[in-house]
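Right, one structure below, let's go through it.
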Amino acid sequence: MSKTLYLVVPCYNEEEVLPETSKRLRAIMADLIGSGKISSESRICFVDDGSRDRTWEMIEDLHDGDPLFRGVKLSRNRGHQNALLGGMMTVREDCDALISLDADLQDDPNAILQMVDKWLDGADIVYGVRSARKTDTFFKRFTAEGFYKVMEWMGAKVVFNHADYRLMSARALDALAEYREVNLFLRGMVPTIGYRTEIVTYERNERFAGESKYPLKKMLALAWNGITSFSTRPLDLIVTLGVVLCAIAAVMLLICAGRAIWGVSPAAVEVFSYSLWLLGGIQLIALGVVGEYVGKIYAEVKGRPRYIIEKYL
Ligand code: UDP
Ligand code: MG
């Protein structure tokens with residue numbers, strides 16, 4: 001019995017690309033089903049993220065015309081990450097694995113074939129990784145690659161140049177369902193699951209039609225969310241800054257004391273300003289300590305699974 005694969009495609013005002021996207025994805029699914037790699041129960045599921053154009057009507061028409069297409073409609077626009085998770089959790093029990101990809105054909109659909117091969121070989125998670133960013137503008141490339149570097153430096157585990165184009169098996173999805181957080185940053189959450197993971201590289205195309213639904217503001221919000229959801233490094237930085245300030249102030253005050261002993265009294269304003277530094281440093285350290293507790297509360301509140309068992313003999 002071959003296994004069932006779903007494609008999950010979040011769509012926000014994508015009426016311009018849906019006809020082409022559905023055509024291309026249908027051809028790929030037909031190929032896979034025809035070759036017997038996946039079962040005929042496999043489906044393409046579009047998730048309408050509260051679009052204001054004809055996106056949902058088009059999804060309904062697709063579904064009426066061909067049972068290969070399914071649709072999920074969110075009650076309103078909730079953003080890409082929420083739409084994606086909503087779609088994945090909705091179809092999770094109907095499939096053995098799913099692949100999430102963008103509606104605009106930027107994620108080269110041909111990589112689906114390689115992802116499926118790796119999955120059938122036993123991988124639970126297959127990441128689509130961009131081999132080149134030739135088609136991105138300099139600005140997008142610079143900000144995006146900078147973002148991955150900052151994330152890495154902040155200590156969050158993300159796969160370099162991987163967005164949300166990935167295959168996840170049913171058991172990886174079950175694990176993801178255990179993550180209770182509401183501030184979603186899927187590309188940070190998924191690598192914490194574990195299991196056997198593989199990578200497939202692909203070339204990122206240009207958006208097929210229409211405009212990016214990810215303006216700079218949304219991109220920055222996502223980046224900030226990623227950092228604050230996956231790293232308490234900013235808190236450590238506060239403490240470090242406090243310690244450095246204290247150390248400088250302490251040394252300077254010691255020098256002042258030494259000078260006083262040797263009979264060269266320092267000016268009062270000098271002593272006063274170093275004392276201010278010392279006080280500022282102490283406050284920063286105190287703030288950082290409080291922050292460490294807040295960070296722990298944050299981790300507890302997220303209620304992520306403490307472990308995921310892969311096998312039990
Ligand atoms: N998207 C969504 N909800 C939103 C914004 C975007 O579901 O609020 C979808 C969009 O339809 C597309 C994917 O997320 O399928 C990626 O968006 P886009 O291609 O505009 O981002 P970019 O590739 O420019 O970063
Ligand atoms: Mg895009």
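Start at 1 with the first residue, then count along the sequence. What you are looking at is a predicted structure, and each value in this text was computed from that prediction instead of being measured. All ligand and atom numbering here is 1-based and tracks the order in the structure.
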Q) If we only count N/O pairs under 3.5 Å, is Asn77 in contact with ligand 1? A) yes
Requested in this report: Determine whether His162 and Arg187 make a side-chain contact, defined as any pair of heavy atoms from C-beta on separated by less than 4.5 Å.
Outcome: yes
Note: ligand 1 atoms sitting under 4.0 Å from heavy atoms of Glu14 are 10 (C), 11 (O), 12 (C), 15 (O)
The atoms of ligand 1 lying under 4.0 Å from a heavy atom of Arg204, numbered in the order shown, are 23 (O)
Value for CG (Leu85) from CZ (Arg78), rounded to nearest 0.5 Å, stands at 11.5 Å
Short version for Ala103: what comes under 4.0 Å of ligand 1, heavy atoms counted, is both
Under 4.0 Å from one or more heavy atoms of Gln106, ligand 1 contributes atoms 19 (O), 22 (P), 23 (O)
CZ (Arg196) and NZ (Lys118) are apart, to the nearest 0.5 Å, by 9.0 Å
#### Entry: Thr4 (side chain) donor-acceptor with Glu41 (main chain) under 3.5 angstrom
no
Counting from 1 in the order shown, the ligand 1 atoms closer than 4.0 Å to a non-hydrogen atom of Arg207 are 18 (P), 19 (O), 20 (O)
for atom 19 (O) of ligand 1, nearest protein heavy atom and its distance come out as Asp104 OD2, 2.6 Å
Within less than 2.8 Å of the Mg ion (ligand 2), any N, O or S from Gln106?
yes
Smallest heavy-atom separation, Phe46 atom then Cys11 atom, equals CD2-SG, 3.7 Å
(request) Kindly determine whether Arg306 and Glu178 satisfy salt bridge (charged side-chain N to carboxylate O under 4.0 Å, His left out), including the steps that lead there. (result) CA-CA 10 Å; Arg306 278 161 290 185; Glu178 299 285 313; over 6 Å; no
Separation between CG (Leu25) and CD1 (Ile112), nearest 0.5 Å, reads 5.5 Å
Mind checking whether the Mg ion (ligand 2) has an N, O or S of Asp104 under 2.8 Å? yes
shortest atom 3 (N) of ligand 1-to-protein heavy-atom contact is with Asp49 OD2, 2.6 Å
Of all protein heavy atoms, the one nearest atom 21 (O) of ligand 1 is Tyr214 CD1, 3.3 Å
Closest to atom 1 (N) of ligand 1 among protein heavy atoms sits Tyr12 CB, 3.7 Å
The atoms of ligand 1 lying under 4.0 Å from a heavy atom of Ser212, numbered in the order shown, are 20 (O), 21 (O), 22 (P), 24 (O)
Worksheet item: Side chain of Arg43, backbone of Cys45: donor and acceptor closer than 3.5 Å?
Response: no
Numbered in order shown, the ligand 1 atoms found under 4.0 Å of a heavy atom of Lys218 are 4 (C), 5 (C), 8 (O)
The closest protein heavy-atom partner of atom 14 (O) of ligand 1 is His80 CD2, 3.1 Å
Note: heavy atom closest to atom 6 (C) of ligand 1, options Glu206, Glu211, Lys213, belongs to Lys213
Query raised in the report: Between Asp94 and Arg92, does a salt bridge (charged side-chain N to carboxylate O under 4.0 Å, His left out) hold up when you go through it step by step?
Result: CA-CA 6 Å; Asp94 298 328; Arg92 162 165 82 101; over 6 Å; no
Does an N or O anywhere in Ala83 fall below 3.5 Å from an N or O of ligand 1? no
Between the CG atom in Asn13 and the CZ atom in Arg54, the distance rounded to the nearest 0.5 Å is 13.0 Å
The reported gap from CZ in Arg26 to CD1 in Ile33 (rounded to nearest 0.5 angstrom) is 11.0 Å
Ranked by distance from atom 25 (O) of ligand 1, the top protein heavy atom is Lys140 NZ, 3.0 Å
